[in-house]
J.: 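For reference, the structure I am asking about is given below.
Start at 1 and go down the list; that is how both ligands and their atoms are numbered.
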Amino acid sequence: MDLEALTRLESLRVTAQILDGKATAAKIREEIALEITAWRDSGKPAPMLAAVLVGEDPASQVYVRNKEKACQSVGIASRVIRKPDNTTTEELLELLAELNADPMISGILVQLPLPKQIDAQRVLDSVLPLKDVDAFAPENVGLMVQGRPRFLPCTPHGVMQILSRYGHQVAGKHVVVLGRSDIVGKPMAMMLVQKDIGFGSAFANATVTVCHSQSSDLASITRSADVLIAAVGRAKLVTADMIKPGAVVIDVGINRVGDSLVGDVDFGPVSQIASAITPVPGGIGPLTIAMLLKNTLAACRLQHSSSTN
Ligand code: NAP
């Protein structure tokens, strides 16, 4: 955590443990880089991530650039395929068929959102499940729900990493997940109710409640949470009166307010009641990218083993 961030935290009189996603992600990236070196030393090809970027959305451009840089930092090759805003669904399907068939490409990501004229579901569904490093494909979702994941979806996987690396066990605890999207809320809940999703039984076996925009009396539910995971996309929705004293609070939300980014949690007041909390920025965001790298290496290993069997 840099000096500016530390000064900001001091001025807020934070008493909770700060779960530092930036530092944790840096550590994970070091581990991945070592694994890739060993993989290459054994004569295997470098993993490669292909990112498909359609249109000129400035936020998407930044996300893709950050992913490219992250790949570089660990020894993953990357290829960004830029397509104009007026690309059709058929054209994208053709491109994805090529990427699916290319043996040099380990993982494929389609940067969202796609322009309106594109059938995003058809496009996402056309990514080969073995290269689906975002873990959006129905086959990969199904495997995860059955407790035998091929890839874990990046953002909830990042949450599991931070909980397990800081030793915040969830077994037998009440975890409340705010949000039920296919990308964050639903897979998060599914991972937490498993008997073991790859982090040991202490980091699974939770009693999970999922809330959404139609849930009534949110505060009474969140106040019973030992662990609260907010993935809504509403700035400061979670206020201090919604927190059980000593709870662990994970803020997945990223909301632009003026020139700054804030989470779904009202960080200052909540951090005086919670026992541990992730900041925004510097929390789950960096871990999401680290998990994409992890999945790309895993995809490379899978493809290599299936092509040599
Ligand atoms: P999403 O698809 O818009 O889903 C938001 C969810 O929040 C929906 O299930 C919605 O309920 C629920 N919701 C909306 N208003 C609510 C309210 N007042 N009370 C309770 N629930 C409410 O968003 P998402 O893709 O899951 O992303 C959620 C947030 O996480 C966003 O801020 C996004 O930017 C951020 N995010 C961060 C990362 C990261 O790397 N840190 C990655 C992905 C997303 P309904 O289903 O009823 O509409």
J.: Could you tell me which atoms of ligand 1, counted from 1 in the order shown, lie closer than 4.0 angstrom to a heavy atom of Gly179?
T.: 6 (C), 7 (O), 9 (O)
J.: Hey, mind stepping through Gln121 and Asp119 against side chain to side chain contact (heavy atoms under 4.5 Å, CB included) and telling me if it holds?
T.: CA-CA 6 Å; Gln121 198 63 64; Asp119 183 342; 3.8 Å; yes
J.: To which protein heavy atom is atom 36 (N) of ligand 1 closest, and what is the distance rounded to 0.1 Å?
T.: Val252 O, 3.7 Å
J.: Between Lys236 and Asp264, does at least one N-O distance fall below 4.0 Å, as a salt bridge requires?
T.: no
J.: So, taking the atom named CZ in Arg223 and the one named CG in Asp241, what distance separates them when rounded to the nearest 0.5 Å?
T.: 6.5 Å
J.: Are Thr207 and Val175 close enough, and set up right, to give a side chain to side chain contact (heavy atoms under 4.5 Å, CB included), and what steps lead you there?
T.: CA-CA 6 Å; Thr207 305; Val175 181; over 6 Å; no
J.: Tell me which protein heavy atom sits closest to atom 20 (C) of ligand 1, plus the residue, atom name and distance to 0.1 Å.
T.: His212 O, 3.3 Å
J.: To the nearest 0.1 Å, how far is atom 3 (O) of ligand 1 from its closest protein heavy atom, and which atom is that?
T.: Val232 O, 4.3 Å
J.: So that I can tick it off, tell me whether Glu31 and Arg165 are bridged by a salt bridge, with the cut-off set at under 4.0 angstrom between side-chain N and carboxylate O.
T.: yes
J.: Between Thr278 (side chain only) and Asp251 (backbone N and O only), is there a donor and an acceptor less than 3.5 Å apart?
T.: yes
J.: Answer yes or no: is there an ion pair linking Arg79 with Glu68, defined by an N-O contact shorter than 4.0 Å?
T.: no
J.: Relative to the heavy atoms of Leu237, which atoms of ligand 1 are at a distance of less than 4.0 Å?
T.: 18 (N)
J.: To the nearest 0.5 Å, tell me how far Trp39 CH2 sits from His304 NE2.
T.: 5.0 Å
J.: Ignoring hydrogens, just give me the one of Pro286, Gly263, Ser213 whose non-hydrogen atom is nearest atom 45 (P) of ligand 1.
T.: Ser213
J.: With side-chain hydrogen bond (donor to acceptor under 3.5 Å, both in side chains) as the test, would you mind laying out the steps for Lys131 and Gln303 before giving the verdict?
T.: CA-CA 8 Å; Lys131 297 190 178 189; Gln303 283 149 41; 4.7 Å; no
J.: Specify the protein heavy atom at minimum distance from atom 29 (C) of ligand 1: its residue, its atom name, and the distance to 0.1 Å.
T.: Gly233 N, 3.7 Å
J.: Using a strict 4.0 Å cut-off to heavy atoms of Val184, name the atoms of ligand 1 that fall inside it.
T.: 26 (O), 43 (C), 44 (C)
J.: For ligand 1, which atoms have a heavy atom of Thr288 less than 4.0 angstrom away?
T.: 39 (C), 40 (O)
J.: Just go through Gln214, Met291, Arg180 and tell me whose heavy atom is the nearest to atom 8 (C) of ligand 1.
T.: Arg180
J.: Give the residue, atom name and distance (to 0.1 Å) of the protein heavy atom nearest atom 33 (C) of ligand 1.
T.: Ile254 N, 4.2 Å
J.: Using non-hydrogen atoms of the residue, decide whether Ala231 is closer than 4.0 angstrom to ligand 1.
T.: yes
J.: What protein heavy atom sits nearest atom 42 (C) of ligand 1, and how far off is it?
T.: Thr155 OG1, 3.2 Å
J.: Between ligand 1 and Leu178, can you find any atom pair, the residue atom being a heavy atom, that is separated by under 4.0 Å?
T.: no
J.: Under 4.0 Å between a side-chain nitrogen and a carboxylate oxygen: does that hold for Arg301 and Glu35?
T.: yes
J.: Do Leu261 and Val249 share a hydrophobic cluster, counting only Ile, Leu, Val, Met, Phe, Trp and Tyr and linking them when any side-chain heavy atoms are less than 4.5 Å apart?
T.: no
J.: List the closest protein heavy-atom neighbour of atom 2 (O) of ligand 1: residue, atom name, distance to the nearest 0.1 Å.
T.: Ser181 CB, 3.3 Å
J.: Compute the minimum heavy-atom distance from Gly185 to ligand 1 and say whether it is under 4.0 Å.
T.: no
J.: If you count the atoms of ligand 1 from 1 in the order shown, which ones are under 4.0 Å from a heavy atom of Leu218?
T.: 19 (N), 20 (C)
